[in-house]
Every structure is written in structure tokens, then in C-alpha cells.
Amino acid sequence: MSTPLFEYLLRLGDDRLILGHRNAEWCGHGPILEEDIAVANIALDQTGEAQLLLNLAGQVEGQGRDADQLAYWRDETQFRNLQMLELPRGDFGFTMVRQFLFSAHAHFVLEHLAKCPHDDLAGIAAKALKENRYHLRHSSEWVVRLGDGTEESHRRIQAALEELWPWTVELFFEDAVDAALKAEGIAPNQADIKPKWEAMTAEVLTRATVEPPKGPMRMVGGRKGRHTEHLGHLLAEMQIVARSHPGASW
Amino acid sequence: MTPSTRQEGTQMATETKPAAPAEDPVKLAEFEARCDRGETIEPKDWMPEKYRRQLTRMMSQHAHSEVVGMLPEGNWITRAPNLRRKMCLIAKVQDEGGHGLYIYCGTETLGTDRTELIDQYLYGTAKYSSIFNYPTLTWADIGVIGWLVDGAAIVNQTMLAHASYGPYARAMIRICKEENFHKRQGYELCATLARGTPAQKAMVQDAVNRWWWPSLMMFGPHDTNSPHSADLLRWKVKQKSNDDLRQRFVNLTVPQAQAIGLTLPDPDLKLDETSGEWKFGEIDWSEFNAVIAGNGPMNRERIAARRKAHEDGAWVREAAAAYAAKHQPAAGQAA
Amino acid sequence: MSTGPNGVGEWPLWEVFTQAPGGKPHEHAGSVHAPDAEIALQNARDVYTRRGEAVSLWVVPSGAIVASAPGDAGPFFDPGNDKPYRHPQFYKTPRGVKVF
């Protein structure tokens with residue numbers, strides 16, 4: 001029987017596992033050497049955070065599963081990440097816009113979690129908050145430069161924003177899991193975060209001279225294990241070696 | 001991984017630059033005396049044109065190799081079998097990018113900017129280490145590259161940390177410090193597979209069989225066949241010959257293989273009791289030459305991948321420059 | 001900035017100085033390319049502080065550094081070589097004084 005805390009930790013951990021995986025795909029393929037190194041740093045932070053969160057999830061669950069078992073031996077519908085994060089990495093602009101939209105939200109979530117009464121989670125959140133501040137700075141400076149750079153870069157950033165924005169509704173998704181953890185003072189209230197996130201993104205997007213689309217938001221279900229078709233391919237790749245050798249040590 | 005990058009043999013044929021001008025004999029003698037005394041040559045110091053060219057060629061090849069070297073290992077980042085290995089691998093491939101960056105910056109002090117150096121290998125005739133033109137077929141290749149390819153590179157770079165050119169030597173010192181972890185993680189990975197399941201053990205032995213000879217080729221042609229070696233040795237860019245370094249690598253590696261129960265694919269490999277050195281069989285130089293000539297298993301894919309990254313990234317580099325020009329005209333101007 | 005065959009040329013070069021923990025002076029670590037100061041600082045952070053080497057960073061446009069020329073070396077530095085009275089070893093301490 002999965003508890004709300006286990007579910008909540010999976011959501012936090014899977015977000016970072018999947019986005020870290022996408023970001024790591026840039027290693028060796030970035031627009032300039034300095035940026036290969038920068039994006040790899042972000043991917044390393046995120047994968048490290050995922051490892052801590054999923055290990056904690058395993059402890060909370062009490063079935064003897066660790067981060068590796070949770071990462072490599074669950075199937076698509078058991079993943080709890082935001083759908084936005086599993087989308088293919090796109091061009092460099094897409095990657096930066098996604099990182100920015102996610103990091104801006106993560107900032108406020110982590111700020112709250114770092115002070116929450118669950119000590120282990122608070123500790124991980126404090127570490128992640130520090131790392132995320134840099135991800136936020138890096139991605140927002142790039143969104144600004146690309147948005148307000150050349151005609152082409154402006155067009156690409158505007159297009160990335162139009163594709164990603166409708167997914168951001170999922171950042172604020174709440175259900176019984178959140179309700180239970182809010183009652184314990186652990187999870188933040190997304191309704192409080194939303195205006196802060198809107199103000200932060202508006203400031204950066206204005207500097208970047210781009211505008212979010214006005215159209216409808218997406219139908220989403222990542223927190224419940226309903227994903228895009230991209231996740232299955234991502235996991236097939238991620239899990240192939242581990243699953244080809246059950247019981248092996250690496 | 002940081003490979004040796006000497007493929008002097010082919011570079012000669014494609015060299016289009018005019019012959020180096022005759023040097024002032026007094027300055028040349030003074031310069032060579034400085035090299036002999038073990039002094040460090042710095043960017044603004046007088047140096048013979050040939051030293052500048054040889055170093056630019058050698059250092060930029062080294063930098064290209066680091067960057068192309070990100071590809072074979074990067075190929076397995078998304079498939080690493082656990083999170084610890086995944087992070088180790090990202091950090092290692094990232095380091096290689098960093099090492100390329102350090103060496104490019106060092107090369108630029110000789111007067112050619114990085115864009116031009118990159119153009120020379122993506123669209124011209126500049127070379128990179130032939131080892132990266134082999135494919136990584138299984139997860140075990142990641143361990144074997146760390147152990148053998150980085151192991152070979154460390155032998156070479158430990159020497160280059162004493163190179164006469166200051167910016168090169170300083171980059172090498174930084175790189176050697178960082179690389180210590182590369183070889184260790186590779187060897188640890190191999191050891192883990194070697195004591196793992198029968199399938200894992202077979203996987204790592206197969207990877208060793210495929211990478212052993214290409215690793216030996218990393219040290220370049222025989223001394224008798226290495227046209228630039230004499231100059232580089234005389235000017236103390238190198239202190240040891242290709243064959244000496246290769247022998248040192250074999251001596252170090254054979255006991256490491258034995259310790260984890262792996263064999264090396266050379267029937268002629270045997271310990272020479274008098275010298276204490278491991279004698280090994282003859283390298284297949286026709287394979288070496290074919291790979292350098294561009295006909296190795298992965299030459300085209302490697303260059304295509306690097307070109308794609310470079311070309312796909314052009315709009316990003318342009319946009320950032322345009323933004324800087326709009327908002328901080330002073331920043332770029334100062335440089 | 002020069003323009004190469006693939007669009008824009010290389011971003012300007014910046015020299016990076018890192019300060020190790022413990023009140024050490026800033027020391028030259030290497031260089032990075034960057035279009036502006038903020039990105040130069042970020043690139044320096046990502047490239048030169050991956051192993052906890054630094055508590056502070058400086059980035060300076062390479063062109064802003066004024067360096068002595070090799071020809072200056074004699075007149076600049078040799079005069080410092082024959083002034084032993086600038087070093088404590090030049091002075092004798094009377095016998096019997098152990099701690100000074």
C-alpha cells in the first residue's frame with residue numbers, strides 16, 4: 001500500500017531523474033563547449049537529487065527498494081514525473097525554456113520543503129534549493145539572451161514557449177496526496193506558489209521579449225502515471241542494460 | 001579520456017602552408033639553449049615559426065581528440081545501468097569537454113583562435129586521435145575505455161606536463177589531476193564486471209579484445225616512422241619517444257589485467273626476464289593507417305556528429321553575441 | 001570578433017582567477033569564451049570550479065590585461081636579484097638568541 005509520502009517523494013524524484021536524463025543527452029552535442037559542461041553540471045545535480053529522493057522514497061516504502069530499483073525496474077505508468085519533462089530535448093532554446101519554467105517552480109517548492117518538519121526531506125530540499133538557484137540563474141540568463149538575441153533566436157524561443165507553456169498547468173496539480181502532506185505541513189500549497197511563479201516567469205519573459213500563448217492548457221496526468229508516448233522510449237533506453245542482466249551488480 | 005594525438009605521418013601529406021621561413025640563427029640558438037636548460041617558453045617569447053606550427057598542430061589535435069572523445073562514451077550515458085555509474089560517466093565525459101576547452105585556450109595563445117581551430121578539423125584536414133573512430137558496442141566498453149584508453153593517455157600526459165611550452169604544460173597539470181579518477185573508475189568498472197555474472201565477464205573480455213590494439217596505436221607510429229618526433233624531442237615538447245611510452249603503458253597494464261583475471265589478445269605477450277619488460281607483438285599498422293586516413297569504423301559518424309552539434313549551435317552563439325552587442329557593447333570590445 | 005565560415009566568430013576570451021578556500025590569493029586558472037560578463041562568470045564557474053576548488057571567482061576580459069613584454073624581463077626583474085638586504089637571511093642574529 002503506497003502512502004502519500006512515498007507517492008510525493010516519487011513525484012519529486014522522478015521529475016529530477018527524467019529531466020536530468022534529458023539534459024544529459026546534451027553532453028557532447030552542445031552549441032559551444034562551455035555549454036556542454038554547464039548543462040552536464042545541471043544534469044549531475046538533478047540525477048544526484050533524484051538518487052537521494054528515490055532512496056528516501058524506498059525507505060519510506062519499507063519494501064527494501066532503493067533508488068536504482070525504483071529508477072530501473074518501474075514501468076511507464078509507475079512513473080510520476082511531470083509530462084513536460086519527458087518531452088525530447090528539442091533545440092537548445094527548448095531545453096533552456098523548459099529548465100527555466102521548471103526551476104522557477106521548483107524554487108518555491110524547495111524553499112517550502114527545506115523548512116518542512118520531515119528532517120530527511122528538508123535536508124535534501126535544502127541541498128536541491130541551492131543547486132536549483134544556479135539552474136534558475138543559468139536558464140533564465142539564457143532565455144533572456146536567446147529571446148532578445150537575433151531574429152532567429154527570438155522566433156525559436158517564442159516557439160519553445162508556445163509548445164511548453166500549455167504543459168505548465170501540471171506544475172500546480174494537486175490531489176489527495178498533496179492534501180494529506182499539506183495537512184502534515186510538508187507539502188506547499190500550490191495556490192500560494194502560482195502567483196509567485198507567474199511573477200518570476202513574467203519578469204524573465206519580458207526581458208526576453210517573448211510572450212506566453214493565450215490558448216488552452218494541456219490535459220495532463222503525469223502525477224497519476226499517465227504520460228506522453230515519449231516516456232516509454234526514454235525508459236526503454238535508460239533501463240535496457242540493467243534489465244538485460246537481472247540480479248547483476250554494476 | 002585524454003589521448004595522445006600524434007598522427008604526424010598523414011599530416012605531412014595534407015600540409016598546405018608554405019615552408020617555415022629560415023630563422024635568425026642567433027635567436028634560434030638562444031631559443032634552443034633555453035629549451036635545453038629546461039626553461040618554460042611563454043606565449044610572448046620569441047619562438048621559431050616551426051615550433052609555433054608544430055605546437056599548434058599537436059595541441060589542437062589533442063583538443064579535438066578530447067572533444068570527439070566525448071562521443072563514444074557519451075553514447076552510453078542514457079543507458080548506464082545504475083545511477084552511480086550514470087553520474088560517474090556524465091562527470092567523466094564532461095571532464096573531457098573541459099580538457100578540450102583548456103587545451104584550446106592554451107593553443108589560442110599561439111595565435112590561432114578557437115573557431116579557426118575547430119573549422120580545421122570539422123571542415124579541413126586537421127586530425128584527432130584515431131582511437132575515437134572505434135564504436136562503443138557494450139556497457140563494458142565504458143570500463144575498458146577508462147582503463148586502457150585513459151591509461152594510455154595518462155602515460156602520455158604525465159610526460160606532456162613537463163612540455164617546454166608553458167600554457168600546454170599548465171593545461172596538462174590540471175588535466176592530469178582531474179584524470180586520475182577516469183582511469184580508476186574504468187578499472188573499477190572492469191573489475192566489477194570481471195567478477196560478475198558469466199555474461200558480464202564475457203562482455204568485459206570481449207571489450208578488452210577489441211580495445212587493446214587500438215590503445216597501443218594511440219602512442220603513434222614507431223619512432224623510426226614519426227616525422228615530427230625529432231623536433232618535438234629537441235624542443236622538449238616531448239621528453240620520451242612513442243615507443244618508450246608505449247612500452248611503459250604495456251608494462252603498467254599487463255599486471256592490472258592479470259589482477260582482475262582478464263587476458264590481453266596478444267599471443268606474443270611475454271615477460272622478458274632480463275629487462276623486466278613485457279614484450280608484445282607487432283601492431284597492425286595497416287589498420288592504424290586506414291583509420292587515420294578516414295576509413296575507420298566510425299570516422300564519418302564522429303565528424304558528422306560534431307558538425308551537427310557545431311552547426312545546430314550556430315544560432316545560439318550568434319544570439320548571445322547579438323544580445324551582448326545590444327546590451328553591453330563595452331564587454332566584448334575590451335577583449 | 002572575427003566572423004568565420006560558420007556564422008559568428010568566437011566569443012571574446014576571458015581570463016579566470018579562482019580563490020581557493022582559506023584566504024588564499026586569487027590565482028589564474030585558465031580562460032573561457034563568453035559573450036558577456038554574466039556568461040563569463042557562469043562559464044568560469046562551470047569549467048573551473050567543478051571540484052570545490054574555489055570560494056570566489058574573477059573574470060577579466062583578456063584584452064584588459066596589461067602584461068610585461070619578454071624584452072622587459074631584464075630591466076624589470078634583474079635589479080631585484082642583487083638586493084640581498086631585502087631578505088631576512090641577510091642579517092645576523094647574535095649567538096644565543098634562539099627565538100627571534
Side-chain angles (χ1 to χ4, degrees), chain A residues 20 23-24 26-49 91-93 95-97 99-100 103 127 130-157 203-204 207-209, chain C residues 1-70:
Chain A
N23 283 332
W26 279 102
C27 202
H29 306 277
I32 194 159
L33 210 38
E34 281 83 351
E35 216 43 43
D36 280 61
I37 297 168
V39 179
N41 272 342
I42 295 176
L44 281 170
D45 286 344
Q46 291 166 333
T47 310
E49 292 163 13
D91 66 13
F92 185 74
T95 288
M96 283 297 129
V97 172
Q99 187 60 52
F100 167 64
S103 279
K127 176 179 186 288
K130 217 187 288 174
E131 294 171 344
N132 186 70
R133 272 185 216 280
Y134 187 76
H135 308 168
L136 183 56
R137 176 168 172 174
H138 190 76
S139 57
S140 55
E141 292 297 338
W142 270 108
V143 168
V144 167
R145 275 158 187 75
L146 297 176
D148 188 21
T150 61
E151 246 175 70
E152 179 183 8
S153 71
H154 176 83
R155 179 174 54 71
R156 284 175 182 261
I157 292 298
E203 194 251 313
V204 170
R207 277 176 67 204
T209 71
Chain C
M1 189 181 308
S2 62
T3 301
N6 296 292
V8 72
E10 192 58 76
W11 290 340
L13 198 62
W14 302 70
E15 299 306 318
V16 178
F17 299 82
T18 53
Q19 184 182 29
K24 300 274 188 346
H26 284 74
E27 213 175 77
H28 187 238
S31 338
V32 288
H33 287 275
D36 58 53
E38 167 68 18
I39 300 293
L41 203 55
Q42 293 194 16
N43 289 348
R45 178 265 189 194
D46 283 315
V47 174
Y48 291 104
T49 71
R50 299 200 301 285
R51 288 171 167 81
E53 298 96 328
V55 293
S56 164
L57 269 179
W58 291 346
V59 290
V60 182
S62 301
I65 290 182
V66 182
S68 61

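Convention: sequence-line order gives letters A, B, ...; per-chain numbering from 1. Note that the coordinates shown come from a computational prediction; the quantities given were computed from them, not determined experimentally.
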Taking atom CG of D36(C) and atom CD of E141(A), what is their separation to the nearest 0.5 Å?
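Atom-to-atom, D36(C):CG and E141(A):CD are 8.0 Å apart.
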Sort by residue number and list every residue of residues 26-38 of chain A having at least one heavy atom under 4.5 Å from chain C.
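Within residues 26-38 of chain A, the residues under 4.5 Å from chain C are I32(A), E34(A), E35(A), I37(A), A38(A).
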If you take all heavy atoms of Y134(A) and R45(C), which pair is closest and at what distance?
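Shortest heavy-atom separation between Y134(A) and R45(C) comes out as CE2-NH1, 3.2 Å.
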Identified side chain to side chain contact (heavy atoms under 4.5 Å, CB included) counterpart of N41(A) within the set T49(C), D46(C), V47(C):
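Among the candidates, only D46(C) passes.
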Given that the side chain runs from C-beta out, which part of R145(A) has a heavy atom under 4.5 Å from chain C: side chain, backbone, both or neither?
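For R145(A), side-chain heavy atoms alone lie under 4.5 Å from chain C.
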Is any side-chain heavy atom of L41(C) less than 4.5 Å from a side-chain heavy atom of R137(A)?
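Counting from C-beta outward, L41(C) and R137(A) do come under 4.5 Å.
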